[in-house]
Amino acid sequence: KDSGRDGYRFYHPAMGQAASGRQRLELDLRGALARDQFELHYQPVVDARSLAITGFEALIRWTHPTRGRVPPDAFIPVAEETGLIVPVGEWVLRNACEEAARWPGDMRLAVNVSAVQLMRPGLVEGVVATLAATGLHAGRLELEITETALLRDNPAVLACLHELRGLGVRFALDDFGTGYSSLSYLRRFPLDRIKIDRSFVEAVDDPGTAAIVGAIAGLGASLGAAVTAEGVETERQLHAVRLSGCGEAQGYLFGKPLPAAEAAAFLRRKAGTKAALPGQPWDRC
Ligand code: C2E
Ligand code: MG
Ligand code: MG
Ligand code: MG
């Protein structure tokens, strides 16, 4: 009765709640940028052998005034459906580039870019303007895209990738191995890096999974793309992905995503330290 004419709610209360929850989320997302509720955290990426930090991936965080932390996996899809990902993505790029411009000159900045952003006109101009405004060298920026972006097989996406790459911006294929993994993407798109999804790294103790990780690393090497193992949490996993030929690694073992100031402090602490985890048994191999 309370929900008036919305009669189906009696039969499908969960459906009704989900829909209104989503509408609420959309409404809140619209205000989040204006109310300064977003923040970026930065997770280190390391060289799998020396463990030296090679860069950081910017990851968005949203603290909702009443709901608290809303994880990106919960709001990025809504932002994509509503088109809000465009202003949110611009905010992310701008803030991440400003921050990275303060890091040492060899530190890479990885920024996640949604398929929706790639398909809208104006991304190239936006990136160029942001690099100019922040003074970040194009060669330090790596945009992480997922297979869904390539799946649409949109000529505008390919043109956008080539144009940005011509300026020196690099591209990484994120979460590789999940979704509709098609090897033809690796041939058709100019990719500088393959990021092997966490689900493979998690199961790398399994010989079949280790073989797949090794094959992806080999593929990367022969295509001239760097390979990063995502979600490395244990020394065993690090050892395995390193043996499989992954050149870089990212995961809680090396560092969780940190607020900008903490990431900068982490970087200063680690600077000059060759190995973050000294005395690994395989160092003697
Ligand atoms: P992603 O780009 O694949 O980012 C890696 C995710 O794995 C992050 O989750 C990170 O916190 C998490 N992670 C890193 N190391 C480990 C580990 O060792 N163990 C485990 N269990 N998790 C680990 P997060 O920050 O929740 O982000 C989730 C996804 O949301 C990202 O996946 C990315 O697809 C998307 N996302 C995050 N920030 C942005 C953004 O600014 N723009 C866009 N378009 N998408 C974003
Ligand atoms: Mg990513
Ligand atoms: Mg990923
Ligand atoms: Mg992901």
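As a basis for the values below, the full set of heavy atoms in this structure was taken, side chains included, without hydrogen atoms, waters or symmetry mates. Counting starts at 1 for both ligands and their atoms, following the listed order.
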Discussion item. Ignoring hydrogens and geometry beyond distance, is a side-chain donor-acceptor pair present between Thr63 and Glu39 at under 3.5 Å?
Written reply: no
Worksheet item: With a cut-off of 4.0 Å, which atoms of ligand 1 are near a heavy atom of Glu233?
Response: 17 (C), 18 (O), 19 (N), 20 (C), 21 (N)
Discussion item. Other residues, nucleotides and ligands only: do more than 12 of their heavy atoms fall within 6.0 Å of NE2 on His137?
Written reply: no
Fill in: side-chain hydrogen bond (donor to acceptor under 3.5 Å, both in side chains) partner of Gln43, the single match among Glu57, Gln250, Glu230
Gln250
Worksheet item: Near the Mg ion (ligand 3), is there an N/O/S atom from Asp174 that is less than 2.8 Å away?
Response: yes
Worksheet item: Nearest to the Mg ion (ligand 3), which N, O or S atom of Glu230 do we find?
Response: OE1
Worksheet item: Would you say Glu80 contacts ligand 1, with heavy atoms under 4.0 Å as the rule?
Response: no
Item to complete: Provide the atom name of the closest N, O or S atom of Glu57 relative to the Mg ion (ligand 2).
Response: OE2
Discussion item. Looking at non-hydrogen atoms alone, which of Asp174, Leu143, Thr146 comes nearest to atom 1 (P) of ligand 1?
Written reply: Asp174
Discussion item. Which option wins on minimum heavy-atom distance to atom 43 (C) of ligand 1: Val201, Asn112, Thr178?
Written reply: Asn112
Discussion item. One residue to check: Asp175. Relative to ligand 1, which of side chain, backbone, both or neither has a non-hydrogen atom less than 4.0 Å away?
Written reply: side chain
Worksheet item: Near the Mg ion (ligand 2), is there an N/O/S atom from Glu144 that is less than 2.8 Å away?
Response: yes
Fill in: Nitrogen or oxygen of Val92 less than 3.5 angstrom from that of ligand 1
no
Practice prompt. Run the contact test for Pro71 against ligand 1 with a 4.0 Å cut-off on heavy atoms, strictly below, and give the result.
Written response: no
Discussion item. Using a plain distance cutoff, I'd like to know if Gln117 has any nitrogen or oxygen under 3.5 Å from a nitrogen or oxygen of ligand 1.
Written reply: no
Worksheet entry | ligand 1-proximal atoms of Val111, by part, heavy-atom distance under 4.0 Å | neither
Worksheet item: Can you find a non-hydrogen atom of Gly89 under 4.0 Å from ligand 1?
Response: no
Worksheet entry | Distance-only donor-acceptor check, side chains Arg94 and Thr134, under 3.5 Å | no
Worksheet item: How does His41 reach ligand 1, if at all, at less than 4.0 Å between non-hydrogen atoms: by side chain, backbone, both, or neither?
Response: neither
Worksheet item: Heavy atoms only: which of Asp73, Ile85, Leu93, Leu40 is nearest to atom 28 (C) of ligand 1?
Response: Asp73
Worksheet item: Name the one of Lys195, Arg193, Arg170 that satisfies side-chain hydrogen bond (donor to acceptor under 3.5 Å, both in side chains) with Glu144?
Response: Lys195
Worksheet entry | Closest to atom 12 (C) of ligand 1 (judged by heavy-atom distance), picking from Trp91, Phe75, Tyr252, Trp62 | Tyr252
Item to complete: Compute the minimum heavy-atom distance from Glu57 to ligand 1 and say whether it is under 4.0 Å.
Response: yes
Worksheet item: Under 2.8 Å from the Mg ion (ligand 3), is there an N/O/S atom belonging to Asp175?
Response: yes
Fill in: Proximity to ligand 1 by part of Gln250, non-hydrogen separation under 4.0 Å
neither
Worksheet item: Near Gln43, which atoms of ligand 1 are under 4.0 Å from a heavy atom of that residue?
Response: 14 (C), 15 (N)
